[in-house]
Amino acid sequence: MIYQLEIDDRDETAKAVLVFIQQMAATNKSIKPPIALVDVNQPSMAERPFGTMKGSFKLSPDFNDPLGDLKEYM
């Protein structure tokens with residue numbers, strides 16, 4: 001069986017669990033060492049600056065007009 005755990009390493013109990021799993025992985029080859037799912041060096045979504053995609057998308061002037069293909073259903 002494969003289990004995926006989400007451990008918040010800011011909690012003391014979670015840190016102890018993480019250390020225990022790392023020790024188990026060091027002594028038992030069938031246990032894989034834990035891998036961080038979030039890279040602490042990468043900025044989170046909240047840290048991204050606004051406006052980085054500005055000008056990348058253009059809407060046509062008739063964007064809100066009804067589609068001709070759907071006239072028979074309206």
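All of these numbers come straight from a predicted model, not from anything done at the bench.
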message = If I take atom CG from residue L18 and atom CD from residue Q23, how far apart are they, to the nearest 0.5 angstrom?
response = 10.5 Å

inquiry  = Please give me the minimum heavy-atom distance between Q22 and P34, naming the atom from each residue.
reply    = CG-CG, 3.7 Å

task = Spell out, yes or no, whether F63 and L67 are grouped together once hydrophobic residues are joined by side-chain heavy atoms under 4.5 Å, including indirect joins.
result = no

E6: partners by salt bridge (charged side-chain N to carboxylate O under 4.0 Å, His left out), with sequence neighbours left out = none

key: L59 side, atom CG; N64 side, atom CG - distance, nearest 0.5 Å   = 8.5 Å

message = Tell me if the CG atom of D69 is crowded by more than 12 foreign heavy atoms within 6.0 Å.
response = no

ask   = If every non-hydrogen atom of I7 is compared with every non-hydrogen atom of A14, which pair is closest and at what distance?
value = CG2-CB, 3.4 Å

